[in-house]
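This report concerns only the one structure given below.
Residue numbers begin at 1 in each chain, while the letters A, B, ... track the order of the sequences.
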Amino acid sequence: MMSDTAVRSVAHGEAAVAPPMDDAALRAKARWAWRETLILYRRAPEIRLASSLSPVEIFVALYYGGCLRYDPGMPFAEGRDRLIVSKGHGSLSLYPILADLGYFPQEVLETVGQPGSFLGGIPDPVVPGYETINGSLGHGLGVAVGMALGLKRKGSDRRVFAVVGDAELHEGSNWEAIMFASQHGLDNLCLIVDDNGVAMLGPTEQIVSHGVLDARLGAFGWDARTVDGHDVVAVRDCLQSMKGSDGGRPLALVARTKKGRGVPGLEGAPLAHVLNPSADVIDTLIGQEA
Amino acid sequence: MTVKPIAMRDAFLDRIWRAMADAPDVVFVTADFGSPVLDRIRADFPERFINVGIAEQNLINVCSGLALEGFRVFAYAIAPFITMRCHEQIRVNLALLSALRPMNVTLIGVGAGFSYALSGPTHQCFEDLTVMRALPNVQVFSPADHMTATAVAEKRLQEGGIAYVRMDAQPMTVLYPDGCVLEGDGYQVHRVGGETCLVATGAMTHVALEVAESVAGDGLDLGVIDLVTLNGYRQDDLARLLSGYARVVTLEEGFAGRGGLDALIRDLLPPGLPVLNIGVPPAYRFEIGNRRDLWEQAQIGPRAVAGRVRAFCQDAVA
């Protein structure tokens, strides 16, 4: 069943923008995606739940908030905006969204984690809607930079978004890409940091601190802002307002989020990445939202 | 016909430069590594010449992104850096990703073996064949002269996918004055020989030909094959050809017994066929000097190889 998000039929090679939802619908969609992610976890408890819950509102704002141009019928349509989800293991909340939009049938969600399913623990482009190989960290932003440069060279006005975790920014390859992007004025590139503050073994700040991340990105020549990453309306507004930066600077949105958001025992836990909440806890949450 | 030797990279880049005028989808990306011909690309196609700086990880990632946007990409750096500094970027964003999405990226690594004779072990390169051959979806080319390098450039302009081209940093005597045609399994038979065949690649093909001349005086008629394509995929013709010999010798300017040319050839041979694998003993060497001296010290120079080939053939007879 298609959701209330209709995707306009478009000419070959063009990509549609779903009609943006109003604020209340957007918030409801974010709750829905959060609950759907819990349901996925119940089906496949091996998947990374905590890091998939922090970027829920980011994905909802992108796909339902009119921020991303896409065509589920033609995932690689030239006219699409590109979204690279570099923290692939922490993006399983995107599965229900992609199914909802028609990238693949809803029934496929029931196969998550099962032998033969294309919905595994770390999505690659075998999942319709994913652009690149993900999950090995520190790769997505550099590839996004190459795409943004390629789009500019082609004279395209399409944009590239890259969702990267805060702890993923420990990989030095990101900073090579960050320096290159500002040098080349890639204002068609938008880095979204899912700043959930927790790596695998504890708080990012205690491992290697990023200091004030937006200031640090600003010092590297980026137009960087910070937003409450769980306020889907604020995330959408921020992404909307950041279209076309001043001075050709690449854009960065630091979305302050919580790993394991909304799940007792998971949210706020320094080891949230590897904790597996019990079925009872999850079932209770799913029931409350029904 | 005599053809004056030039550096492989200049021959290769010249072919790319000539193609770029009519091929707006060809882009050239370097990690702050140059050559005289590269200056022409930089001057004539500034929009399609990108210097990422000394940042090989970003070099590969940017190339990947450009390839996903439909560009044919050539990436250029010193051999050990473009193959090993950024190996996981190559693995994830080229080898792996190209299994799922059409991509066209050629990695050009300059400085095979002891090429950078004075620079020592950081710049010398003995592991690249091993690590690049390990990756599925990556073609490996190892030219022995600049005419072959031109042929590889031509091939890369015609074909897609991911490739690594291993180039010597020094000009090599021309083996193919009339041009090199790269077809089939990507090898050239220089001498058919008798019972023993020596398979070499890159600069070692020149050593192999010297060795063949030298042992001919002892009545040993050595076959010599220059293997240009080391992709490790189906090389049935080469396998058939080699199975006709009584003995096979491999010769590479890379670590012996570490999965390079020797392993590739061993996999092609019928069981029981006697093989002698000659390469650089797997240890890092800090001597600097001229190339030929370094070769002899590492037991891969013409004198050392001729001696080992003679002994190998005599043992087999005895």
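Residues of residues 85-95 of chain A placed with any heavy atom under 4.5 Å of a heavy atom in chain B are absent; none qualify.
In this structure, chain B has no heavy atom under 4.5 Å from any part of Val160(A). In this structure, chain A has heavy atoms under 4.5 Å from both the backbone and the side chain of Leu96(B). Using a 4.5 Å cut-off between heavy atoms, Glu88(B) contacts chain A through both its backbone and its side chain. Contact of Ile60(B) with chain A is not made at all, since no heavy-atom distance falls under 4.5 Å. When heavy atoms are compared at a cutoff of 4.5 Å, Glu131(A) approaches chain B by way of both its backbone and its side chain. Heavy atoms closer than 4.5 Å to chain A are found in both the backbone and the side chain of Leu66(B).
Seen from the ring of Trp222(A), Arg249(A) does not count as a face-on cation partner, given the 6.0 Å and 45° thresholds. Under a cutoff of 6.0 Å and an axis angle of 45°, Arg9(B) and Tyr76(B) do not form a cation-pi pair.
Checked for salt-bridge contact, Glu78(A) and Arg158(A) miss the test: no charged N lies under 4.0 Å from a carboxylate O. The residues Glu154(B) and Arg15(B) are annotated as salt-bridged, a charged nitrogen and a carboxylate oxygen being separated by less than 4.0 angstrom. At a threshold of 4.0 Å, the pair Asp187(A)-Lys152(A) counts as salt-bridged, since one of the basic side-chain nitrogens sits closer than that to a carboxylate oxygen. Taking 4.0 Å as the cut-off between side-chain N and carboxylate O, Asp223(A) and Arg225(A) count as a salt-bridged pair.
Taking all atoms of both residues into account, the shortest heavy-atom contact from Val138(B) to Tyr164(B) is CG1-N, 4.2 Å.
Side chains of Asp81(A) and Tyr70(A): no donor on one and acceptor on the other come within 3.5 Å. The closest side-chain donor-acceptor pair between Arg156(B) and Thr106(B) falls under 3.5 angstrom.
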